Every structure is written in C-alpha cells, then in structure tokens.
Amino acid sequence: MRVLIVTNSKSGGGAEVVVNTLSMELTKYQELCIHTFYLKDTDSVFWRFIAFFKMLYLIFKFKPQVVQSHLFFPSFLSIFFSYFFTFKTQVVVHSISEINSTNRSSKIAKYIYRKAGMIICISSKMFDLANALFQNPKVCLIHNPHDFKAYLSLSNENVELPTSQYFIYVGRLTASKRVDQLINAISAAKGEHKLIIVGDGEEKVNLEKLASKLGVDERVCFLGRLSNPYPYIKNAKALLLASEFEGYPNCLIEALGLGVPVITSNCQTGPAEILGVSYNEDILRITNQQCIIYPVGDSCSLIKAIESEAYLKADAFILKDMVSQLSLKPIVKRYVSAISSLC
C-alpha cells in the first residue's frame, strides 16, 4: 500500500517530531510503501503556492492510496486533492486549537475535515470534541509514539550541565506557550531558582529582554534549539509548561519517561490526561505522583508550585510507569491498522 505522509516542515514542534518518528517506523512494514513530503522547503513568502504544485506533482508521480496529513495546511491540501484523485485521506489533529478556535484556519477545518476519510486525535479530550464536530468521517484516538529507549540512550550523552539544580522548558518560543510567565515566576519565587530554556521562536528576543529587565538573566539560560535536549531534561529537577493550549505535549511525556517530574498548566488538551487528573477541577493540585498542575495563566499558583518543592519527592520509577503505555511499537501498530482500514 502506497502511503504519502505530509506535513509543513522537517523540524519545528511536536507534530514534526511525531511525523519523523512515524515515517521512520512505518517504513519497517513491508506492506507499506511510505513517502514523506515536507511542504515548506523554502523561506519564500510564496511557499504555500509552491507547495501546492509540488504536492500535485508528487500525487501524480507516487499515486498514493492513502495520504496522511499533519497540521492544518497539509490537511487542507490533501482533502482538496482527494476530490480529483482516488486516494483516502487520514488527518492527524495535533492541537485542540486546530478544530476549536475562533481563527480562520479553525473555522475552515471544522468544515473541510468532515470530508476526510479518517480523523486521528492524539488526546481523549480532543477525540470527544472531534466526535461531536464530525459525524461523517471515522474518528480515532491514537496517542503520539515515544521511543523511551532512545530518550534514555541520548540522555547519557556528555554535555556541560549547570553546577546547581535547575528547571527546564523545552518547546517553541511563541506567545501561546507563555514562557514569559515561567521567567516571571522564576524571578518572583523565593530562592535562587534557575531555568534552562531549550527552543527557538519569534518571542526569543522579547524573552531575553524580559529576563534582563527582571535581573534574572544569569539564572535564565537560553540554549536555542537542540538536536538532543535529553541530557538537560534528565538532570532537571522538574520540567515546566505554561501553555494556553496543547494537543498531547511531547515534552511532558519525554520528561516523565526519563523520571523527571513536571509542573504544568491545566491547558486543553493533554496535561490533565497525562497526569491522570480531571480537567474540570481547575485549581492548583499536587498529583499522587508529586507532579503539579495549575490553572492556565495563574501566575500565583505557578510561583507556589515552584516554591513548594513537592516535585523533589517524586519517584522516578513511578513517573516512568505513568507513560509506559505510550511506547513506540504498540502506537505504530495502531497507526498501521488505521491506515489499512481505509483501503
């Protein structure tokens, strides 16, 4: 079976990591012939226009039976082209904002995704929403695959680590990630807490200025995007996440998989489900595993969480066990099954 996997770019956020992992693993199945296509291979402002014709040419050449798309624009194109070709479409939704927001893309998605052959959601909350929105296509729940053995192996790489304990943030530096709240909390919390920020994005300069303005530029370290963040994650006292919204945040699962506790906002969707608590009880909570979840945007709760140091009592074995069901092979097998069911 010929399967074309399409996303915007090879690097960026969690969706791109999932695509790269899935592509590599699916090629191991003899019954599948996988071709991965990254739409954005240029910095031109016309990249979408160029991508349209490149994808059209690739469909003519490769003749896929299934097109699996990740993120809005690739999914828009795949559904559009499916009207003129015979392939089936499988749309993977990575963020609740993709189908439940007031922006133009989300409004379009709510309409066109009804035309997909299958919609795959990566969290239970997103799955429930998609089932309510899209009655026609088949909606499936498949979590992101994680290679915990690879994370552990990579985490043993020798890197220069801080001499004292630190928190870590890993992800894009965009407004919706609210990294500014993390820096503010580090500044306001009692004690000389340190924060390592791994990632890049349009907010980086503003965040560096904020750290300098607050006088914590020596305690907040920007490492940029790293091909291997795992040594820094493994040695952190906790991973911090302050997002407005997510899908099923890879960084939380990677940290837990390495036995590192997390302090996270109760954003839609993912964190509450990963930690096994309710989305509805939106207060500062310490979970049974000594992780902490707090209301989105609640700076006071974030500061209290940092100061509580409950996370220092977390048991690494218990944290790893929380996410063990998300290991690579079982998740990839579910994807194979979902692809096969379309033909």
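A quick note: this is a predicted structure, and the numbers were derived from the prediction, not measured. FYI, side chains are in, hydrogens and waters are out, and symmetry mates aren't considered; it's all heavy atoms of this structure.
- Looking only at distances, a side-chain donor or acceptor of S265 sits under 3.5 Å from a matching main-chain atom of S243.
- With a 6.0 Å radius and a threshold of 12 heavy atoms from other residues, nucleotides or ligands, E218 has its CD atom at or below the threshold.
- S23 places a side-chain N or O within 3.5 Å of a backbone atom of V19 that can act as its donor or acceptor partner.
- Taking CG from L4 and CD1 from I34, the interatomic distance works out to 9.0 Å, rounded to the nearest 0.5 Å.
- Taking CD of Q289 as the start and NZ of K320 as the end, the distance is 15.5 Å to the nearest 0.5 Å.
- Heavy-atom minimum distance, S299 versus Q181: OG-CD, 4.2 Å.
- Side-chain atoms of R172 and K177, non-hydrogen and from C-beta on, do get closer than 4.5 Å to each other.
- In this structure a side-chain-to-backbone donor-acceptor pair under 3.5 Å is present from R285 to S278.
- Contact annotation: the side chain of F73 never approaches that of K40 to less than 4.5 Å [non-hydrogen atoms, C-beta and beyond].
- Side-chain N or O atoms of T264 include none that pairs as donor or acceptor with a backbone N or O of I293 at under 3.5 Å.
- The CD1 atom of I122 sits 6.5 Å away from atom OG1 of T269, with the distance rounded to the nearest 0.5 Å.
- Two residues are said to be in side-chain contact when any heavy atoms from C-beta on lie closer than 4.5 Å; H143 and E273 meet this criterion.
- Across all their heavy atoms, E16 and K10 have their closest contact at CB-O, 3.8 Å.
- Rounding to the nearest 0.5 Å gives a distance of 11.5 Å between CG of L328 and CG of N144.
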L275 and V262: CA distance, side-chain angles, deciding distance, side chain to side chain contact (heavy atoms under 4.5 Å, CB included) verdict: CA-CA 9 Å; L275 296 180; V262 301; 3.9 Å; yes
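- Aromatic ring pairs are classed by plane angle as parallel below 30°, tilted from 30° to 60° and perpendicular above 60°; the pair F76 and F72 is tilted.
- Comment: R219 engages E192 in a salt bridge, judged by a side-chain N to carboxylate O separation of less than 4.0 angstrom.
- Across every non-hydrogen atom of I142 and A338, the tightest pair is CD1-CB, 4.1 Å.
- Under the 4.5 Å side-chain criterion, counting only non-hydrogen atoms from C-beta, V17 is in contact with T21.
- Sparse packing is recorded around CD of E160, with 12 or fewer heavy atoms of other residues, nucleotides or ligands lying under 6.0 Å away.
- For the residue pair A189 and I306, the shortest heavy atom distance occurs at CB-CG2, 3.9 Å.
- Inter-residue side-chain proximity for R178 and V296 is flagged as met; some heavy-atom pair is nearer than 4.5 Å.
- Shortest non-hydrogen contact noted between H146 and E254 is ND1-CG, 4.3 Å.
- Contact of the Y113 side chain with the V93 side chain is registered, since non-hydrogen atoms from C-beta on lie closer than 4.5 Å.
- Y166 places a side-chain N or O within donor-acceptor distance of the main-chain N or O of Y232, the cut-off being under 3.5 Å.
- Within the model, atoms CG of L302 and CG of L241 stand 10.5 Å from one another, a figure rounded to the nearest 0.5 Å.
- Here the straight-line distance linking atom CD1 of I183 with atom NZ of K209 works out to 13.5 Å at 0.5 Å rounding.
- Of the possible donor and acceptor atoms, one in the side chain of R334 sits under 3.5 Å from a partner among the backbone N and O of L141.
- Between K28 and E25, at least one side-chain nitrogen of the basic residue sits less than 4.0 Å from a carboxylate oxygen of the acidic one, meeting the salt-bridge criterion.
- More than 12 heavy atoms of other shown residues, nucleotides or ligands fall within 6.0 angstrom of atom NZ in K204.
- A donor-acceptor pair under 3.5 Å links the side-chain atoms of R114 to the main chain of K110, judged by distance alone.
- Remark: N156 CG is packed, more than 12 non-hydrogen atoms of other residues, nucleotides or ligands lying under 6.0 Å away.
- Two rings, from Y311 and F167, have their centers less than 6.0 Å apart.
- For the residue pair K115/S82, the side-chain donor-acceptor check at 3.5 Å is not satisfied.
- Residues K149 and D147 form a side-chain contact, since some pair of their non-hydrogen atoms from C-beta on lies under 4.5 Å apart.
- Between F81 and F60, a ring centre-to-centre spacing not shorter than 6.0 Å is recorded.
- No donor-acceptor distance shorter than 3.5 angstrom exists from the side chain of R225 to the backbone of D200, with no hydrogens or angles considered.
- Within 6.0 Å of NZ on K194 lie more than 12 heavy atoms contributed by other residues, nucleotides or ligands.
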